[in-house]
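Both ligands and their constituent atoms are indexed starting at 1 by order of listing. Just so we're clear, the structure is a prediction, and the values are computed from it rather than from any experiment. Heads up: numbering here begins at 1 and tracks the sequence.
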Amino acid sequence: MITRSPANVQIASDLSSPSPSPSAPAWQRQLAEVVRDPVELCRRLGLGESALPGARDGHALFEVRVPEAYLSRIRPGDPNDPLLRQVLPLVAETDAVDGFVADPLEEADHTPRRGLIHKYAGRVLLIASPACAINCRYCFRRHFPYQENSPSRAQWQATLDYLREDTSIQEVILSGGDPLAASDRQLAWLVARLEEIPHLKRLRIHTRLPVVIPARIDETLLEWLGSSRLQKVVVLHANHAQEIDEEVATACARLKAAGVTLLNQSVLLRGVNDRVSALADLSERLFEAGVLPYYLHVLDPVSGAAHFDVPDEEARHLVETLRDQLPGFLMPRLVREVPGAGSKTPL
Ligand code: SF4
């Protein structure tokens, strides 16, 4: 049963207990069992010794996290697998590169309350969970001070007061980390509080969990999400068609059946999806799963991720060529997030 009392809820706390009880939901057990050791990751995928030093060095900066469900889609023995490249640390992460910084979006300047980012008119972003199921090597929040932005119960009340007082806010975006790494009990409590604010219309959830642990979309989640009065949008994060297997497609179908609009955002990544064929296959596969491509982001210049960068000129050329191959509704918008801008900036 979902408990909605604030008295026993603390958002963003018990994210990945190392040993959940045997009766815990399947997704929580998978979350607790993610591969966290770069040596084990290389061994499981049959990668040679040469990968190990770089994997260890990168891991020391931003730890490895790979769920089994995601690992099972990586081709063993292929160091260039597009899924592997997203999760395997490389020695290049230790390079200091001009222009690549710890907080590329200057989010620290837009946090009026702990765990709340208010950058755009009419919508706010709540850090609903400080952790992810997977650690993507290119993540622009790889250095984000989550501990400073994991609100206590009282601090959540301050955030809710902020939302109540600003009647221009119509949409709340749950982000993280990955908001769906928080428990259903915590999320149901938060969403119930949001529903009490009359001017809020939409709930948007930015999550990679349905892609990396599709078992996350279970009955308990569908119960609180499907019954919300708020219009519901889930923005997935997939970068390659190989990420969307049948389990992921089933999770998407369940969300759709619960009245959720499904969109996807990707990041253009060197060595992952920087070819027209890869981008076309991704859009086609997303649509087969009932998901519309929304944004294709150029890389945010976060330190440790410069080796994923695709220059703007090349990005524009890729997208123009893609446009010749796909119907308009399968075309993601090529954008960049510019610190201080009122919306995403088209390229
Ligand atoms: S799931 Fe998103 S927030 Fe988490 S590490 Fe990957 S890109 Fe970053």
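Note on Cys139: not counted as a metal contact of atom 6 (Fe) of ligand 1, no N/O/S atom lying under 2.8 Å.
Residue-ligand proximity, Arg208 to ligand 1, at heavy-atom distances under 4.0 Å covers atoms 1 (S). Each of the atoms 4 (Fe), 5 (S) of ligand 1 lies under 4.0 Å from some heavy atom of Ile134. Close approach to Cys132 involves these atoms of ligand 1, each under 4.0 Å from a residue heavy atom: 1 (S), 3 (S), 4 (Fe), 5 (S).
Checked by atom type, the side-chain pair Ser277/Arg275 shows a donor-acceptor distance below 3.5 Å. Thr220 and Glu223 share no side-chain donor-acceptor pair at under 3.5 Å. No donor-acceptor contact under 3.5 angstrom links the side chains of Gln231 and Arg204, judged on distance only.
Contact annotation: for Cys136 versus ligand 1, heavy atoms closer than 4.0 Å belong to both the backbone and the side chain.
The ring-ring contact (aromatic ring centres under 6.0 Å, His included) search around Tyr70 returns none, not counting sequence neighbours.
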Scan the side chains in residues 286-300 for donor-acceptor partners under 3.5 Å anywhere in the protein, sequence neighbours excluded, and list what turns up.
unit_1: Glu288; atom_1: OE1; unit_2: Arg285; atom_2: NH1; d: 2.9
unit_1: His297; atom_1: NE2; unit_2: Gln265; atom_2: OE1; d: 2.9

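Between Asp324 and Leu322, every side-chain heavy-atom pair lies at or beyond the 4.5 Å cut-off.
Using a 4.0 angstrom heavy-atom cutoff, Gly177 counts as in contact with ligand 1. At a 4.0 Å cut-off, not a single heavy atom of Asp178 sits close enough to ligand 1 to count as contact.
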